[in-house]
Every structure is written in C-alpha cells, then in structure tokens.
Amino acid sequence: MQLLKERIRKDGIVKAGNVLKVDSFLNHQMDIELFNEIGREFKRRFEGKNITKILTIEASGIGIACVVAQYFHVPVVFAKKAQSINIDGEVYSSKIESFTHKRVYDVIVSKRFLSPEDHVLIIDDFLANGCALMGLLEILESAGAKTEGIGIVIEKGFQDGGEKIRKMGIALESLAIVDAMDAETGTVKFRDE
Ligand code: 5GP
C-alpha cells in the first residue's frame with residue numbers, strides 16, 4: 001500500500017534493536033484518515049470472505065481494528081492482557097511473549113464473544129516473530145472459530161513470523177513489508193521495491 005509506505009518513510013523512526021517507531025501516526029498518535037484507507041484496503045484484500053468478527057489484541061491493535069470493522073460491519077473483540085488467569089473456565093487464554101517489552105503475559109477473551117459459528121479476521125499493527133498472532137490463533141482454535149485471514153499493517157519481513165504463518169496456509173495480508181532497516185542511516189527497504 002503505497003500511501004502507507006510513503007508515510008513510514010516520512011515519519012517512521014528506525015531504532016536500534018530492529019524496532020520501527022511509528023507512534024506519530026499508527027500506535028500512539030493515530031492518523032484516522034490513514035486508518036480509513038487501511039480499512040478500505042483490507043476490505044479489498046479480503047473481499048468475498050464471510051467475516052463475522054474482527055479479533056485484535058490490546059492496546060495498539062484496537063484503534064486500527066475499529067476503523068477496519070466499519071468496512072466489514074462486524075464487531076471487534078480484543079484480547080486483553082491479564083494480570084492473572086481466571087481459572088473458572090469463562091475465558092479462552094494464551095501466553096504471548098512481547099517483542100517490544102521482552103516479557104511473557106497472558107491474554108484472554110471471554111467465551112461469550114467467540115464461538116464455533118464465528119468467521120474471524122485478525123487485525124494487528126505489527127508482525128515480527130509472530131508470537132502475538134500465534135496466541136490469537138490458539139484462542140480461535142480453543143473457541144472452534146474459523147480463521148478467515150490475518151491483516152497486518154506493518155510486517156517486518158526479516159523476522160520469521162510471516163513465514164511461519166504463511167506456511168500454516170493462513171491468508172496473511174500485510175500492507176507494508178519491511179525487508180531491511182538501518183538505525184544509523186534511518187533507511188527502510190520495502191519488499192518489491
Ligand atoms: P510479534 O509477536 O510478531 O513478535 O510482535 C508483534 C507485536 O510486537 C506487535 O503487536 C507490536 O505491538 C510489537 N512490535 C513488534 N515489532 C515492533 C516494531 O518494530 N515497532 C513497534 N512499534 N512495535 C513492534
């Protein structure tokens with residue numbers, strides 16, 4: 001998605017440790033007009049799929065997922081980061097290792113909001129090693145819901161999450177794939193460029 005790539009080039013900041021900072025338009029301050037174009041593009045890429053729900057993970061996936069959902073006319077469910085797991089069986093849960101915070105935490109979704117009748121599109125801001133997505137996929141599997149696809153805004157193609165997910169045969173659409181970035185020069189190289 002050209003508009004997104006141009007915005008990453010203009011406002012993205014490459015940090016040491018393979019972190020791309022996009023907090024001026026994507027995951028802290030949010031450019032809703034850009035989100036709207038992102039929603040339109042995901043709708044185009046997943047056209048014809050029967051989607052009943054969008055699943056994302058707090059916090060930075062929520063804003064994007066809400067705008068995307070306006071194109072699909074379905075509810076958004078977000079996986080919550082939990083302090084302690086509720087073991088009374090009311091929630092689906094999974095463990096996720098955070099790439100940015102380097103810690104493991106539990107995420108939960110209430111059983112009331114996912115069922116075997118659901119056809120789910122997962123939306124998130126970044127794909128790096130794929131831990132977040134693996135956790136969400138595990139939750140969908142526990143719920144017996146069908147994963148219709150995954151929409152990612154920025155995939156870091158030099159980390160192996162994308163390859164893992166594609167090998168599983170899941171329809172993964174990333175709007176910008178970064179194949180290399182350099183913290184010293186601040187440059188970003190996109191796939192197919
Ligand atoms: P993964 O679980 O695929 O390794 O990482 C995905 C999550 O880590 C995303 O939801 C995102 O919050 C965060 N993340 C991974 N890489 C980056 C990055 O380069 N920049 C930012 N801002 N977040 C990242």
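Every number for a ligand or one of its atoms is a count from 1 in the order of the listing.
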For Leu4 and Val153, which heavy atoms make the closest approach, and how far apart are they? CD2-O, 3.5 Å
Looking only at protein heavy atoms, which one is nearest to atom 13 (C) of ligand 1, and what is the separation? Thr100 OG1, 3.9 Å
Donor-acceptor contact present, side-chain Lys49 to main-chain Glu148, <3.5 Å: yes
Evaluate the side chain to side chain contact (heavy atoms under 4.5 Å, CB included) criterion for residues Lys80 and Val91: first the C-alpha distance (whole Å), next the side-chain angles of each, then the deciding distance (0.1 Å), finally the verdict. CA-CA 10 Å; Lys80 290 188 175 202; Val91 296; over 6 Å; no
May I ask you to decide if Phe113's main-chain N or O and Lys53's side chain share a donor-acceptor pair within less than 3.5 Å? yes
Under 4.0 Å from a heavy atom of Asp125: which atoms of ligand 1 are those, numbered in the order shown and with their elements? 9 (C), 10 (O), 11 (C), 12 (O)
Heavy-atom closest contact (Ala79 atom, Val107 atom, distance): CB-CB, 4.1 Å
Here the atoms of ligand 1 under 4.0 Å from any heavy atom belonging to Asn27 are 22 (N)
Below 4.0 Å from ligand 1: does a non-hydrogen atom of Leu133 turn up there or not? no
Within a 6.0 Å radius of atom CD on Glu184, are there more than 12 heavy atoms belonging to other residues, nucleotides or ligands? no
Contacts of type side chain to side chain contact (heavy atoms under 4.5 Å, CB included), residue Phe158, not counting sequence neighbours: Asn18, Lys156, Val178, Met181
Between Asn18 and ligand 1, which residue portion shows a heavy-atom distance shorter than 4.0 Å: side chain, backbone, both, or neither? backbone
As an exercise, identify every atom of ligand 1 less than 4.0 angstrom from a heavy atom of Asp124. 10 (O)
For Lys189, is there an ion pair with Asp179 - N to carboxylate O distance below 4.0 angstrom? no
Shortest protein heavy-atom distance from atom 17 (C) of ligand 1, along with the residue and atom involved: Lys156 NZ, 3.5 Å
Can you tell me which residue and heavy atom of the protein come closest to atom 4 (O) of ligand 1, and the distance to 0.1 Å? Asn129 N, 2.8 Å
With a heavy-atom distance limit of 4.0 Å, tell me whether Lys21 approaches ligand 1 through its side chain, its backbone, both, or neither. neither
Do ligand 1 and Glu97 have nitrogen or oxygen atoms that lie under 3.5 Å from each other? no
Using non-hydrogen atoms of the residue, decide whether Gly161 is closer than 4.0 angstrom to ligand 1. no
Atom of Phe190, atom of Ala176 and distance for their closest heavy-atom approach: CE2-CB, 4.1 Å
Return the residue, atom name and 0.1 Å-rounded distance of the protein heavy atom closest to atom 8 (O) of ligand 1. Phe99 CB, 3.9 Å
Any idea which protein heavy atom is nearest atom 6 (C) of ligand 1, and the distance to it? Phe126 O, 3.7 Å
Which residues pass the side chain to side chain contact (heavy atoms under 4.5 Å, CB included) test with Ser142, sequence neighbours left out? Tyr92
Report the C-alpha separation of Val14 and Thr187 in whole Å, then their side-chain angles, then the decisive distance to 0.1 Å, and conclude whether the side chain to side chain contact (heavy atoms under 4.5 Å, CB included) test is met. CA-CA 7 Å; Val14 182; Thr187 49; over 6 Å; no
Within 4.0 Å of some non-hydrogen atom of Ala128, the atoms of ligand 1 are 1 (P), 3 (O), 4 (O), 5 (O), 15 (C), 16 (N)
Does an N or O anywhere in Met181 fall below 3.5 Å from an N or O of ligand 1? no
Decide whether an N or O pair under 3.5 Å exists between Leu127 and ligand 1. no
Shortest non-hydrogen separation from Asp23 to Lys21 and the atoms involved: OD2-CE, 3.2 Å
Quick note on ligand 1: atoms under 4.0 Å from a heavy atom of Ala132 include exactly 2 (O)
Note: ligand 1 atoms sitting under 4.0 Å from heavy atoms of Leu20 are 18 (C), 19 (O), 20 (N), 21 (C), 22 (N)
Report yes if Val19 has an N/O atom closer than 3.5 Å to an N/O atom of ligand 1; otherwise report no. no
